[in-house]
Amino acid sequence: MSQVLGLLLVQNGETVGVDTLIEELWGEKVPRSALTTLQTYVYHARKIFADLPGGHAVLATRPAGYVIQVPDDAIDVAVFEGLVQRSRRLLDDGRAEAALDRLDEALRLWRGPVLVGMMLGSVLDAHIIYLNELRFAATELRIEANQRLGRHQEIIPQLRLLVAANPLNERLHAQLITSLHKCGRRAEALQAYQSLWRTLDVELGVEPAPEVQLLQHAMLSEGSAVPGRC
């Protein structure tokens, strides 16, 4: 039953088809009793919600499946998504400090792995991948917001950890190179670029992206500087 509730909650307000729920529960090994068992899970879930104020309306049957409808602010996933979307808009509007506040609020919602301890099927697995990618994107946005505010020195340790954990992520390398350069640590910035170049060459047989190469050229060009401060 927990898988059914998990899938309905991560798609709060959207009808989840019976076929999708069955795929989540059994994958390719669907028993003959699948539909009956699913209906039993939904029945027990309804009994849980029935004890809550207004709970009878939380879980509803639709022609194609089932839907859970609760306020978005009651689900961490929905709150997190909303905060990240808001922070992107704020950053686009040049409001880096406000964007950083929203990102910090969003990332504080993460207290561990998504749906930890729950048996997962392929459908929930896909949702977890999406949420982990969104969390990573929020982390990158937070770094960008700090850089726009000139807080390069304080984010260098985090960037080094992230680069070590994600050696093929060129955006993280570019952020590290930029912050090192801003802090007057040009030799370390050039070393960071060379490390990226070697990793990409060995692992993929490619060179860094043009925008990352431009960072190196800027550092090597006499009198040039990356805009900003440490």
Side-chain angles (χ1 to χ4, degrees), residues 1-93 98-142 145 166:
M1 185 179 68
S2 61
Q3 283 174 271
V4 173
L5 287 174
L7 186 50
L8 291 172
L9 284 168
V10 297
Q11 295 187 244
N12 179 43
E14 300 178 15
T15 298
V16 180
V18 169
D19 289 345
T20 300
L21 289 162
I22 287 175
E23 179 184 348
E24 167 62 26
L25 289 167
W26 292 286
E28 297 180 355
K29 299 179 179 179
V30 181
R32 292 183 179 180
S33 60
L35 182 58
T36 302
T37 302
L38 174 60
Q39 291 169 338
T40 301
Y41 289 160
V42 172
Y43 169 77
H44 287 298
R46 280 206 175 97
K47 290 185 66 176
I48 294 173
F49 289 123
D51 295 332
L52 303 175
H56 64 281
V58 171
L59 177 54
T61 301
R62 294 287 184 264
Y66 302 95
V67 60
I68 276 182
Q69 299 186 79
V70 297
D72 281 345
D73 59 9
I75 301 178
D76 284 351
V77 167
V79 174
F80 176 73
E81 290 176 310
L83 288 168
V84 174
Q85 290 170 4
R86 203 177 316 158
S87 69
R88 289 184 194 276
R89 292 194 295 269
L90 289 167
L91 206 53
D92 289 341
D93 291 340
L100 187 60
D101 289 342
R102 299 290 81 73
L103 288 165
D104 284 342
E105 186 180 349
L107 290 168
R108 279 196 296 269
L109 292 172
W110 285 77
R111 294 179 290 274
V114 183
L115 301 178
V116 63
M118 182 185 296
M119 183 178 294
L120 303 175
S122 60
V123 184
L124 273 177
D125 262 340
H127 281 281
I128 290 175
I129 290 171
Y130 158 74
L131 289 171
N132 285 328
E133 288 287 346
L134 188 59
R135 181 187 188 184
F136 193 81
T139 300
E140 289 185 316
L141 279 176
R142 185 180 183 279
N166 305 274

Working to the nearest 0.5 angstrom, can you tell me the gap between Thr139 OG1 and Leu103 CG? 8.5 Å
Please list all pairs passing the salt bridge (charged side-chain N to carboxylate O under 4.0 Å, His left out) test where one or both residues lie in residues 123-140, with sequence neighbours left out. Glu140-Arg171
Mind jotting down which residue pairs meet the salt bridge (charged side-chain N to carboxylate O under 4.0 Å, His left out) criterion with at least one end in residues 62-81? Sequence neighbours excluded, please. Asp76-Arg111
Under the side-chain contact (heavy atoms from CB on, under 4.5 Å) test, which residues partner Ser2, sequence neighbours left out? Met118
Looking at every non-hydrogen atom in both residues, tell me the closest pair between Gly27 and Val30 and how far apart they are. O-CG2, 3.4 Å
Nearest 0.5 Å, please: how far is CD1 in Ile22 from CG in Leu38? 6.0 Å
Ring pair (Phe, Tyr, Trp, His ring centres under 6.0 Å) partners of Phe80, counting only residues at least two apart: Trp110
Taking only residues two or more places apart in sequence or in another chain, which ones pass side-chain hydrogen bond (donor to acceptor under 3.5 Å, both in side chains) with Asp104? Arg142
Looking at side-chain heavy atoms only, is the closest gap between Gln39 and Leu35 below 4.5 Å? yes
Any side-chain hydrogen bond (donor to acceptor under 3.5 Å, both in side chains) pairs touching residues 16-37, not counting sequence neighbours? Gln3-Glu24, Glu23-Ser122
Can you confirm whether Phe136 is buried at CZ, in the sense that more than 12 heavy atoms of other residues, nucleotides or ligands lie under 6.0 Å from that atom? yes
Can you sort out the partners of Gln85 under side-chain hydrogen bond (donor to acceptor under 3.5 Å, both in side chains), two or more places apart, ordered by chain and number? none
Side chains of Leu25 and Tyr41, heavy atoms from C-beta outward: is any pair under 4.5 Å? yes
Between OH of Tyr66 and OG1 of Thr15, what distance do you get to the nearest 0.5 Å? 11.5 Å
Set of residues satisfying side-chain contact (heavy atoms from CB on, under 4.5 Å) with respect to Ala126, sequence neighbours excluded: none
Residue list, side-chain hydrogen bond (donor to acceptor under 3.5 Å, both in side chains) with Thr40, at least two apart or on another chain: none
State, to 0.1 Å, how close Val84 and Leu141 come at their nearest heavy-atom pair, and which atoms those are. CG1-CD1, 4.4 Å
To the closest 0.5 Å, what do you measure between CG (Leu59) and CD1 (Ile48)? 10.0 Å
Closest non-hydrogen contact found for Ser87 with Ala99 is O-CB, 3.5 Å
Work out which heavy atom in Leu5 is nearest to a heavy atom in Ala45; give both atom names and the distance. CD2-CB, 3.8 Å
Quick one: pull up CD1 in Ile68 and CG in Leu9 and give me the separation to the nearest 0.5 Å. 4.0 Å
Give a yes or no on whether the backbone of Ile75 and the side-chain of Asn12 come within a donor-acceptor separation of less than 3.5 Å. no
Check side-chain contact (heavy atoms from CB on, under 4.5 Å) between Val10 and all other residues, then give those that pass, not counting sequence neighbours. Leu7, Leu124, His127
Quick one: which residue pairs count as a salt bridge (charged side-chain N to carboxylate O under 4.0 Å, His left out) with a foot in residues 84-93, not counting sequence neighbours? none
Assess whether a salt bridge exists between Glu105 and Arg102, defined as any Lys/Arg side-chain N lying under 4.0 Å from an Asp/Glu carboxylate O. yes
With sequence neighbours left out, the residues meeting salt bridge (charged side-chain N to carboxylate O under 4.0 Å, His left out) with Glu14 are none
